[in-house]
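Note that the structure is a prediction, hence the values are computed from the model and not measured.
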Amino acid sequence: MFRLDHHPSGRHFLQIPGPTNVPERILRAIGRPTIDHRGPEFGELGRAVLAGLRPVFRTEAPVVIYPSSGTGAWEAALVNTLSPGDRVLMAETGHFAALWCRLAGRLGLEVEQIGGDWRHGVDAAQVGERLQADAQRRIKAVCMVHNETSTGVVSDIAAVRAAIDRSGHPALLMVDAISSLGAIDYRHDEWGVDVTVAGAQKGLMLPPGLSFNAVGPRALAAAETARLPRSYWDWREMLASNRNGYFPYTPATSLLYGLHEALEMLAEEGLPRVYARHRRHAAATRAAVQTWGLETVCQEPQGHSPALTGVLMPDRRGADALRKIILERYDMSLGQGLGRLADQAFRIGHLGDFNDLTLCGTLAGVEMGLAAAGVPHRPGGVQAAMTLLAGEAAATADE
């Protein structure tokens, strides 16, 4: 039986890169009484959230909402557009990209993989070369992760789209934006994405349980001839019900209340300011890491994630012991190293409902943890972050 042996004072710092801290406004919204999901009040709620998601995706295309984790939305993107034996070109930029590759193989798709060192984003030139070499047009889709949550590396979607266009290849472009939507500037229509996969438990600030497919016109056309088995994930039934704000099966009403509130909060702050806030916090975190004398996982100057920072341990080991000390002494959770980065790295999440003081507290916990664990480092990382934040705040005030 699960129980808590004690209740520590203060609030727990949940600084993993998702699920993120859920704001009080959203918690209160989720706590509203359940309503009839076939009644008129629910129809209004459904229409509001379906319309409200489009500006976040920057799309005029329909957005499908599933009561699932992001893994379900991965599967939905594939089964609605592809047929058994189709080939998909997938770039392995990290642990979650690798998991999407594995899922595609389990569905009966032929996966052609572009390997990577997990420290750089998708190589657009390689994508173009693979497509140009595909004279028989066997590749039906290119799949990539926008913000790789296991590493803190962002890939350039526009560059990949341009490479696909230069090759003249008809492959669909599918993008995982699970940890970038609502935290990093994202442009489904402008970047020519055919299917965007996303989740609600990161930049959208909800508890886990909702995922999304933004579905462009080429993907909708592909769905008419796709032959992979689909029932629960079928876009056609979802979109038919969504026209009036409803769903073909019982929806996650409480989470939809929360989603409505989250969309209101993002609109009130303004998406440009939301993205700028995430970039500031990422820059301050990197300033702290550099001052500590540690190394970020990301090696691309333009590829650093605004949503999280992956940090390598000095000897590539001991990250789990460090995280354990920080949790036990300071009641703060950091993200663990995943896959080939297991125990070699830890991840600092700085996305969602997050401000300057929250970041400073987070970095203070890391710096105290480094000292307590005996990890070789230089002190002063928190001060470096504070100096950057103060300078940014002063510059903003002068504008």
Interatomic distance, Trp233 atom CH2 to Ser68 atom OG [nearest 0.5 angstrom]: 4.0 Å

CD (Glu268) with more than 12 external heavy atoms under 6.0 Å: yes

Donor + acceptor pair across side chains of Ser155, His146 (<3.5 Å): no

Exercise: do Glu75 and Thr71 side chains pair donor with acceptor under 3.5 Å: no

Lys/Arg-Asp/Glu bridge criterion (N-O < 4.0 Å) met for Asp165, Arg161: yes

Interatomic spacing from NE2 in His304 to SG in Cys298 - rounded to 0.5 Å: 4.5 Å

Leu109 vs Leu228, side-chain contact (heavy atoms from CB on, under 4.5 Å): CA-CA, chis, key distance, verdict: CA-CA 9 Å; Leu109 298 169; Leu228 279 174; 3.9 Å; yes

Under-4.0 Å salt bridge between Asp123 and Arg130: no

Summary of ring-ring contact (aromatic ring centres under 6.0 Å, His included) pairs that have at least one residue in residues 20-65, sequence neighbours excluded: none

Side-chain donor or acceptor of Arg329 paired with backbone N/O of Gly365 under 3.5 Å: no

Cluster link Met205 to Leu255, ILVMFWY, side chain under 4.5 Å: yes

Test item: side-chain donor near acceptor, Asn213 and Trp235, under 3.5 Å: yes

With Asn355 via side chain to side chain contact (heavy atoms under 4.5 Å, CB included) - residues at least two apart: Leu357, Thr358

Any donor-acceptor N/O pair, Arg227 side chain to Pro84 backbone, under 3.5 Å: no

Rounded distance (nearest 0.5 Å) linking atom CZ of Arg119 with atom CD of Glu148: 14.0 Å

Residues, nucleotides or ligands: over 12 heavy atoms within 6.0 Å of Glu300 CD: yes

Co-membership, hydrophobic cluster, residues Val154 and Val160, 4.5 Å side-chain: no

Any donor-acceptor N/O pair, His188 side chain to Val193 backbone, under 3.5 Å: yes

side-chain contact (heavy atoms from CB on, under 4.5 Å) evaluation trace for Ser9 with Asp331: CA-CA 9 Å; Ser9 60; Asp331 196 22; over 6 Å; no

Aromatic Tyr257 / basic Arg32 pairing, under 6.0 angstrom, 45° off normal: yes

Under 3.5 Å: donor-acceptor pair, side chain of Asp86, backbone of Leu82: no

Glu92 versus Trp118, side-chain donor and acceptor atoms under 3.5 Å: yes

Whether over 12 other heavy atoms sit under 6.0 Å from Glu269 CD: yes

Donor + acceptor pair across side chains of His350, Thr309 (<3.5 Å): yes

Atom pair CG/NZ of Asp134 and Lys140 - distance to nearest 0.5 Å: 8.0 Å

Distance, nearest 0.5 Å, that separates OH of Tyr246 from CZ of Arg38: 9.0 Å

Modelled atom types, side-chain donor and acceptor of Trp74 and Asp176, under 3.5 Å: yes

Carboxylate-amine/guanidinium proximity below 4.0 Å for Arg138 and Glu110: yes

Pair Thr196-Tyr186, side-chain donor/acceptor within less than 3.5 Å: yes

Distance (rounded to the nearest 0.5 Å) between Lys202 NZ and Leu181 CG: 12.0 Å

side-chain contact (heavy atoms from CB on, under 4.5 Å) between Asn147 and Leu308, intermediate numbers included: CA-CA 9 Å; Asn147 182 70; Leu308 72 136; 3.4 Å; yes

Arg317/Asp343 salt bridge by N-O under 4.0 Å criterion: no

Side-chain donor/acceptor of Gln15 to backbone N/O of Gly349, under 3.5 Å: yes

Charged N-O contact under 4.0 Å between Asp189 and Arg187: no

